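To keep things clear, I will list the structure first and then write my remarks on it.
Lettering follows sequence order; numbering is per chain, from 1. We use all heavy atoms of the structure for the numbers below, so side chains are in, but hydrogens, waters and symmetry mates are not. What you see is a predicted model, and the numbers here were worked out from it, not measured in a lab.
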Number of protein chains: 2
Amino acid sequence: MPTPARTDRDAIVAAACALLEEGGTDAVTMQAVAERVGVRSPSLYKHVANRRALLDLVVGAAVADLDARSGAARGPEDARRSITAQVEGLRRFARERPRAWALVMGIAPDGPQPTTESAEASVRSLLEAVAELTGPEHALDGARLVVAWANGFIAMELAGAHRLGGDLDGAWRWGLDRMVDALGSDRAAG
Amino acid sequence: MPTPARTDRDAIVAAACALLEEGGTDAVTMQAVAERVGVRSPSLYKHVANRRALLDLVVGAAVADLDARSGAARGPEDARRSITAQVEGLRRFARERPRAWALVMGIAPDGPQPTTESAEASVRSLLEAVAELTGPEHALDGARLVVAWANGFIAMELAGAHRLGGDLDGAWRWGLDRMVDALGSDRAAG
DNA sequence: CCTGATGGCTAATTATCTTAGCCATCATGC
DNA sequence: GCATGATGGCTAAGATAATTAGCCATCAGG
């Protein structure tokens with residue numbers, strides 16, 4: 001090889017991820033990223049096309065991270081427990097990396113536009129659990145119900161929109177219980 | 001008064017709103033806004049503090065718009081219909097002004113906040129309808145369930161995350177039906 | 001020992017936000 | 001009718017960020 005590389009794409013993406021959580025999308029400047037990996041900003045362009053592409057890579061890394069956790073959380077045989085574990089995992093991720101989560105959800109003001117095809121791929125194992133409750137017919141509908149609720153709840157939680165007081169964790173559990181009950185109601189009712 | 005003003009804050013905010021929907025947050029440059037209202041960009045600073053503040057005003061206008069629609073949608077006596085009408089209104093708004101909706105959903109804790117009053121007002125009628133199904137004890141939990149689901153569904157819909165196929169409108173109706181059923185299940189079950 | 005691809009650098013361009021400072025206007029009070 | 005001062009416009013200029021252009025050092029391989 002030529003001149004020994006002082007950094008690489010992974011390090012750059014990692015630095016960008018860190019900056020994202022520290023200061024939001026605005027903090028992810030090419031200069032800040034460059035400084036963190038120990039080069040000058042123009043050198044970054046030898047590794048990523050531009051800032052936009054870098055943010056896309058950050059989103060991709062976040063989705064991969066989420067997938068990894070989701071895979072790790074897979075396990076419980078019981079459908080109800082499985083669903084619970086998965087939405088809890090989603091919530092945990094969102095709390096640990098709120099800005100990355102917002103970026104993945106597509107609700108970040110300056111974020112890259114929906115690159116989220118894989119967002120729902122990570123939900124595939126959820127489909128199986130849901131199908132046990134709804135039957136195959138409405139597995140997709142049911143998964144969408146659960147994921148929409150979880151993401152909506154998390155979004156409002158992170159945005160601080162839940163300020164009418166009350167017990168937030170209680171609302172989460174209550175909502176989850178009702179929702180999982182509802183998944184099976186279709187079958188029971190016919 | 002002095003020199004006749006060639007524009008005013010409302011016109012500026014309106015222009016910013018239009019630009020937002022046309023090209024996203026990035027398109028809301030001071031220059032573009034200025035051009036649209038017929039002045040040079042520095043003149044905007046006689047009406048708004050800076051770009052950040054302008055975006056805050058846009059969010060505020062969006063919230064007000066949403067509240068107004070929500071108020072107009074109030075009416076149906078039947079709790080189920082009322083809830084349906086309100087989430088449909090939310091979805092309609094999100095479809096008409098997707099970027100504004102995302103901005104409202106994405107507001108960071110440190111960012112602009114809708115006033116507690118307006119937020120509470122727009123939620124009050126939903127609370128009433130939900131309370132009819134859940135009883136007063138879980139009205140707030142129930143409202144959170146519904147709003148979280150609706151916003152989450154809309155977010156995923158707008159982000160294009162719903163590309164596993166299937167009937168989206170059907171999923172919306174199915175989810176809504178299950179959810180409203182679930183609101184009452186607590187009572188029935190004891 | 002050439003050679004060329006790689007990855008770093010400096011310098012410069014462009015776009016944008018923002019501030020500084022100037023000037024015209026016109027409602028008001030004399 | 002005329003001085004006046006606050007208002008809202010303008011041009012010029014400074015700061016910050018993304019990006020491009022073009023140069024140079026390194027080192028694997030022939």
| A:Arg99 to A:Trp101 six-membered ring, cation-pi geometry met (6.0 Å, 45°) |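 Cation-pi check for A:Arg99 and A:Trp101: fails.
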
Rounded distance (Å) that lies between atom [atom2] of [N] and atom [atom1] of [X]:
{"X": "B:Arg9", "N": "D:dT7", "atom1": "CZ", "atom2": "P", "result": "14 Å"}
{"X": "B:Asn50", "N": "D:dT16", "atom1": "CG", "atom2": "C1'", "result": "15 Å"}
{"X": "B:Ile12", "N": "D:dG9", "atom1": "CD1", "atom2": "P", "result": "7 Å"}
{"X": "A:Gln31", "N": "D:dA15", "atom1": "CD", "atom2": "P", "result": "15 Å"}
{"X": "B:Leu44", "N": "C:dT16", "atom1": "CG", "atom2": "P", "result": "14 Å"}
{"X": "A:Glu35", "N": "D:dA17", "atom1": "CD", "atom2": "C1'", "result": "14 Å"}
{"X": "A:Arg40", "N": "D:dA21", "atom1": "CZ", "atom2": "C1'", "result": "18 Å"}

| field | Position toward the 5' end of DNA chain D (nearest nucleotide), B:Asp8 or A:Ala32 | value | B:Asp8

| remark: Walking DNA chain D from its 5' end, the first of B:His47 and A:Ala49 to be reached, judged by nearest nucleotide, is B:His47

| Can a side chain N or O of B:Arg51 be found less than 4.0 Å away from OP1 or OP2 on C:dC17? | yes

| task | Examine C:dC9: is either OP1 or OP2 under 4.0 Å from a nitrogen or oxygen in the side chain of A:Arg6? Give yes or no. | result |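 Yes, within the criterion.
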
With the side chain of [X] defined as its heavy atoms from C-beta on, choose the nearest nucleotide among [options].
{"X": "B:Lys46", "options": "D:dT19, D:dG9, C:dG8", "answer": "D:dG9"}
{"X": "B:Thr29", "options": "C:dT16, D:dT19, D:dC10", "answer": "C:dT16"}
{"X": "A:Met30", "options": "D:dT19, C:dG8, C:dA20", "answer": "D:dT19"}
{"X": "A:Ser41", "options": "D:dT19, D:dG9, C:dT18", "answer": "D:dT19"}
{"X": "B:Tyr45", "options": "D:dT11, D:dA18, C:dT19", "answer": "C:dT19"}

| field | Parallel, tilted or perpendicular, as decided by the 30° and 60° cut-offs, for the rings of A:His138 and B:Trp174 | value | parallel

State, yes or no, whether a side-chain contact exists between [X] and [Y] at a heavy-atom distance under 4.5 Å.
{"X": "B:Asp167", "Y": "A:Leu140", "value": "no"}
{"X": "A:Met30", "Y": "A:Val48", "value": "yes"}
{"X": "B:Leu19", "Y": "B:Glu35", "value": "no"}

